[in-house]
Amino acid sequence: DFTATRLIRRVASPRKVTVRFSEPVLGVSRRSLEIVGARAHVKFKKGSRTATLIPGRAMSASRHRLRLSGAITDLTLNRLHPVSVSFRVR
């Protein structure tokens, strides 16, 4: 498998952001997955396809940015292409 994993879904509420990857991943942490401008705790189990960020404070109902680094890999160590995506909290 030489195909890098991808971010395929993100769901946000004021108290959490859940992201889903195209395949099981490794390397998810506060440094590799972050809400820009907010401190957040990351809930993730190695080899899972899903990670949840829980911000220290509820996010406002507006547009925010999520940053993912190349430290995130699939199980065969193909790196995620670093990406920054926006999301809206309603």
ask   = Below 4.5 Å, heavy atoms only, C-beta onward: do Arg10 and Arg20 meet side chain to side chain?
value = no

ask   = Would you say the side chain of Val36 lies within less than 4.5 Å of the side chain of Leu66, judging by non-hydrogen atoms?
value = no

Worked verdict on Lys16 versus Lys43 for side-chain contact (heavy atoms from CB on, under 4.5 Å) = CA-CA 10 Å; Lys16 70 179 181 179; Lys43 288 181 141 186; over 6 Å; no

query = Checking side-chain contact (heavy atoms from CB on, under 4.5 Å) for the pair Leu26/Ile72: CA distance, chi angles, key distance, verdict?
reply = CA-CA 6 Å; Leu26 303 169; Ile72 300 171; over 6 Å; no

query = Could you walk me through whether Glu34 and Leu68 pass the side-chain contact (heavy atoms from CB on, under 4.5 Å) check?
reply = CA-CA 7 Å; Glu34 65 179 337; Leu68 298 90; over 6 Å; no

query = Are Leu77 and Leu75 in one and the same hydrophobic cluster, where Ile, Leu, Val, Met, Phe, Trp and Tyr link if side-chain heavy atoms are under 4.5 Å apart?
reply = yes

note = Heavy atoms of Ala71 and Ser32 approach each other most closely as CB-CB, 4.0 Å

key: Identified side chain to side chain contact (heavy atoms under 4.5 Å, CB included) partner of Leu7 from the options Val25, Val19, Leu33   = Val19

request  = Mind checking the CZ-CG spacing from Arg6 to Leu80? Nearest 0.5 Å is all I need.
outcome  = 10.5 Å

request  = Decide side-chain contact (heavy atoms from CB on, under 4.5 Å) for Val42 and Val28; before the verdict, give the C-alpha distance in whole Å, the side-chain angles of both, and the deciding distance to 0.1 Å.
outcome  = CA-CA 8 Å; Val42 177; Val28 175; 3.8 Å; yes

note = Under a side-chain separation threshold of 4.5 Å, the hydrophobic residues clustered together with Ile54 are none

key: Shortest non-hydrogen separation from Ser13 to Met59 and the atoms involved   = O-CE, 3.3 Å

task = Working to the nearest 0.5 Å, report the span between CZ of Phe44 and OG1 of Thr52.
result = 10.5 Å

ask   = When you check the side-chain N and O atoms of Arg79 and Thr73, is any donor under 3.5 Å from an acceptor?
value = no

Name each donor-acceptor pair under 3.5 Å that joins a side chain in residues 82-90 to protein atoms two or more places apart or in another chain, with its distance.
unit_1, atom_1, unit_2, atom_2, d
Ser84, OG, Arg65, NH1, 3.2
Ser86, OG, Arg63, NH1, 3.2

inquiry  = Working to the nearest 0.5 angstrom, can you tell me the gap between Glu23 CD and Ile8 CD1?
reply    = 10.0 Å

query = Out of curiosity, Arg49 CZ to Ser22 OG, how far, rounded to the nearest 0.5 Å?
reply = 7.0 Å

request  = Test Ser48 against Thr50 for side-chain hydrogen bond (donor to acceptor under 3.5 Å, both in side chains), laying out the working first.
outcome  = CA-CA 6 Å; Ser48 174; Thr50 305; 4.6 Å; no

